[in-house]
2 protein chains.
Amino acid sequence: MALNQSDSGSPEGSPAASSSIGKPLMLNASIRRAMTDSAQAHPLSVSTGDYIKAIWTIAGDGAALTKEVSGHLAVAPASVTNMLGRLQTMGFVEYERYHGASLTERGHEEALRLVRRHRLIETFLLEHLGYTWEEVHDEAEKLEHAVSDVFTERLSEFLGHPGHDPHGDPIPTREGILQPDDSKPLGEAEAGQKVRISKVSDESIPMLDYLGERGLVPGRVLTVREIRDIDGVVVVEDADGGIHHLGGPLVKSVFAQRIG
Amino acid sequence: MALNQSDSGSPEGSPAASSSIGKPLMLNASIRRAMTDSAQAHPLSVSTGDYIKAIWTIAGDGAALTKEVSGHLAVAPASVTNMLGRLQTMGFVEYERYHGASLTERGHEEALRLVRRHRLIETFLLEHLGYTWEEVHDEAEKLEHAVSDVFTERLSEFLGHPGHDPHGDPIPTREGILQPDDSKPLGEAEAGQKVRISKVSDESIPMLDYLGERGLVPGRVLTVREIRDIDGVVVVEDADGGIHHLGGPLVKSVFAQRIG
DNA sequence: TGCAAACTTTAGCCAAAGCTAAAATATTTC
DNA sequence: GAAATATTTTAGCTTTGGCTAAAGTTTGCA
Ligand SMILES: [Mn+2]
Ligand SMILES: [Mn+2]
Ligand SMILES: [Mn+2]
Ligand SMILES: [Mn+2]
């Protein structure tokens, strides 16, 4: 059986480079690593990337504290201290003992590159592979570290260069520019306003499902009918005249921009 | 800037599981790993997978020798010895010192799972993302370790459940069945025979390009006009009457089946 | 048959990332 | 302003998966 076996497992095209000499093979390994690092610009391990993204998510331009990162990545504080030191050595963060780490320019670029990948991949999974919200994030969390720049740009093209992912988060450009977002949670709107949903928080899957079923997705235009102070419920009317009563947690998760 | 940050970097949906206790966090980490390993059945590291695939590629059902694996993966022989021992402990190979390693049933399954992924991914990259032959293999070599079973099956569906990748290698089924292939290199054909190209070796990119440009791809029907013993050149005529003179290396790379 | 060459294993290292426990430093709280 | 509490760091270990050099086996060839 198994007569048919190509697809050589060797990392490059080099099939069994040396036959018996021994030395050249070792050199190849380190030279290859060095070239990959500088030229292909993809040296980051999964961990490194996740730490950088975590700092960006937690602190943006500011400093992320050890414990925040520790909580975010479900990793022991001591591990974080260790990694922050290493990230500084690598030039991705500025780190001050006991006062957290903030991203350098390079760290910031790297974070945005990962976010770009993550959001493009999520878009692809949802729109073309029939993924559910449940499945999407975990897959993207792994693939973002495995795909190349070439893949990323080809995928963006395949998707029609979307500016936002399916739940409305902006996708950073190849150049690392992230659309600023001035939208506010529905809960902060005022009765009578006409608004357009810009984003739905992807933190809760059930909410995404609930809102998706009702058509309360980015792009939808709503009229705010009532903001009830007693219980925080917001009543909105959609373009088809449908009325929706949204409780506190929901109106914190739906972001909208005023229009008209 | 960077106002907009969702896409929590935390591996699962658990956003900052613990606030200050400390202990539960550690437990979470190991429990998660254990569950992932057994339930999701995706525990293999990149290295582990590449070794298993290498053994399959080199030896199929037989035993792969240390040096063969070492050459294939561009890794020192001592590293191979070490990993083969570990693979045996993990149950993927049967290993005898000085006599190489052969895949167990489980190892075989794992190899085919990776090959399935690899070939489906290559198909997608070529047919939908506009990759060239040059780019395709390296990307697949990395992604095969990152995609989930769900991704693999959704992708297969997206592609229309192809049985072969673009250069003709059969794609193992989800159940781990690999189409046996009884085709032979064009060089072993006989003058006058009518044959159908079944596969083109993907070991040489220039050859793939050359053959691709001339339409000598899997599925094409040819009539063998001449087998010249002196220089090993094979002359074939394609369905449009085009004549092709293929030298030794090429006729070893093009596989065909007799028809008619 | 008997050695030299080829191959493989052993032994001893290394770096990346993680962990725990204990020590050090900040921050609260009274 | 000092004690209690929370956070962070240090120190010391672990697992993967590499590498080199040296020692041990197998094989091929005279
Ligand atoms: Mn391939
Ligand atoms: Mn990730
Ligand atoms: Mn996400
Ligand atoms: Mn691989």
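Letters go in sequence order (proteins before strands), and every chain restarts at 1.
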*Asks:* Atom CG of Leu73(B) and atom P of dT16(D): how far apart are they, to the nearest Å?
*Replies:*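 To the nearest whole Å, that distance equals 19 Å.
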*Asks:* Would you indicate, yes or no, if dC19(D) has its OP1 or OP2 atom less than 4.0 angstrom from a side-chain nitrogen or oxygen of Ser79(B)?
*Replies:*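 Yes, within the criterion.
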*Asks:* Before accepting this row, confirm whether a basic side-chain N of the pair Glu144(A)/Lys53(A) lies closer than 4.0 Å to the acidic partner's carboxylate O.
*Replies:*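 Yes, charged N to carboxylate O under 4.0 Å.
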*Asks:* Within the structure, does a side-chain N or O atom of Thr81(A) lie under 4.0 Å from either OP1 or OP2 of dT10(D)?
*Replies:*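 So the side-chain polar atoms of Thr81(A) never come under 4.0 Å of the phosphate oxygens OP1 or OP2 of dT10(D).
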*Asks:* Below 4.0 angstrom, N of the basic side chain to O of the carboxylate: do Arg113(A) and Asp149(A) qualify?
*Replies:*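 Salt bridge between Arg113(A) and Asp149(A), a charged N being under 4.0 Å from a carboxylate O: yes.
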*Asks:* Indicate, with a heavy-atom threshold strictly under 4.0 Å, whether Ser47(B) touches base, sugar-phosphate, or nothing.
*Replies:*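 If one applies the 4.0 Å heavy-atom cut-off, Ser47(B) turns out to touch the sugar-phosphate alone, with no base involved.
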*Asks:* Using whole Å, report how far NZ of Lys67(A) lies from P of dT9(D).
*Replies:*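 Rounded to the whole Å, the gap is 14 Å.
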*Asks:* By nearest nucleotide on DNA chain D, pick out whichever of Asn82(B) and Ala78(B) is the more 5' one.
*Replies:*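 Result of the comparison: Asn82(B).
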*Asks:* Expressed in angstrom and rounded to an integer, what is the separation of Met83(B) atom CE from dT8(C) atom P?
*Replies:*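 About 17 Å, once rounded to whole Å.
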*Asks:* Holding to side chain to side chain contact (heavy atoms under 4.5 Å, CB included), I want the full list of residues that pass it with Asp229(B), two or more places apart in sequence or in another chain.
*Replies:*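 Counting only residues at least two positions away or on another chain, Asp229(B) forms a side chain to side chain contact (heavy atoms under 4.5 Å, CB included) with Ile227(B).
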*Asks:* So, OP1 or OP2 of dA16(C): does either fall under 4.0 Å of a side-chain N or O from Tyr51(A)?
*Replies:*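 Checking dA16(C) against Tyr51(A), no side-chain N or O comes under 4.0 Å of OP1 or OP2.
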*Asks:* Arg97(A) CZ to dT10(D) P: how many Å, rounded?
*Replies:*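 Those two atoms, CZ and P, are 8 Å apart.
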*Asks:* Starting at CD1 of Ile58(A) and ending at C1' of dT7(D), how long is that distance when rounded to a whole Å?
*Replies:*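 Nearest whole value for this atom pair: 15 Å.
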*Asks:* Starting the side chain at C-beta, find the nucleotide from dA17(C), dT9(C), dT8(D) nearest to Thr48(A).
*Replies:*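 Ranking dA17(C), dT9(C), dT8(D) by closest atom to the Thr48(A) side chain puts dA17(C) first.
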*Asks:* Among residues 84-95 of chain B, which residues get a heavy atom nearer than 4.0 Å to DNA chain C?
*Replies:*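 Tyr95(B), in order of number.
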*Asks:* Would you mind telling me which of dC19(C), dT9(C), dC19(D) lies closest to the side-chain atoms of Ala76(A)?
*Replies:*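 Taking heavy atoms from C-beta onward, the closest nucleotide is dC19(C).
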*Asks:* How would you list, by chain and number, every residue that makes a ring pair (Phe, Tyr, Trp, His ring centres under 6.0 Å) with Phe124(B), sequence neighbours excluded?
*Replies:*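 With sequence neighbours excluded, Phe124(B) shows a ring pair (Phe, Tyr, Trp, His ring centres under 6.0 Å) to Phe124(A), His128(B), Phe158(B), given in chain and number order.
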*Asks:* Apply side chain to side chain contact (heavy atoms under 4.5 Å, CB included) to Val251(B) and list each qualifying residue two or more places apart in sequence or on a separate chain.
*Replies:*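 So Val251(B) forms a side chain to side chain contact (heavy atoms under 4.5 Å, CB included) with Leu186(B), Val234(B), Leu246(B).
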*Asks:* Just compare dT9(C), dT8(C), dG18(D) and give me whichever is closest to any side-chain atom of Val75(B).
*Replies:*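 Looking only at heavy atoms from C-beta outward on Val75(B), the closest nucleotide is dG18(D).
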*Asks:* Could you list the residues that satisfy salt bridge (Lys or Arg N to Asp or Glu O under 4.0 Å) with Glu68(A), not counting sequence neighbours?
*Replies:*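 None.
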*Asks:* Please, which pairs that meet side chain to side chain donor-acceptor pair (under 3.5 Å) have at least one residue in residues 86-102 of chain B, sequence neighbours excluded?
*Replies:*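 Matches after skipping sequence neighbours: Gln88(B)-Glu94(B).
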*Asks:* Across the strands shown, which category fits Thr66(A) at heavy-atom distances under 4.0 angstrom: base, sugar-phosphate, nothing?
*Replies:*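 It contacts sugar-phosphate atoms only.
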*Asks:* Please pick, from dC19(D), dT8(D), dT25(D), the nucleotide with the shortest atom-to-atom distance to any side-chain atom of Tyr98(B).
*Replies:*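 Nearest listed nucleotide: dT25(D).
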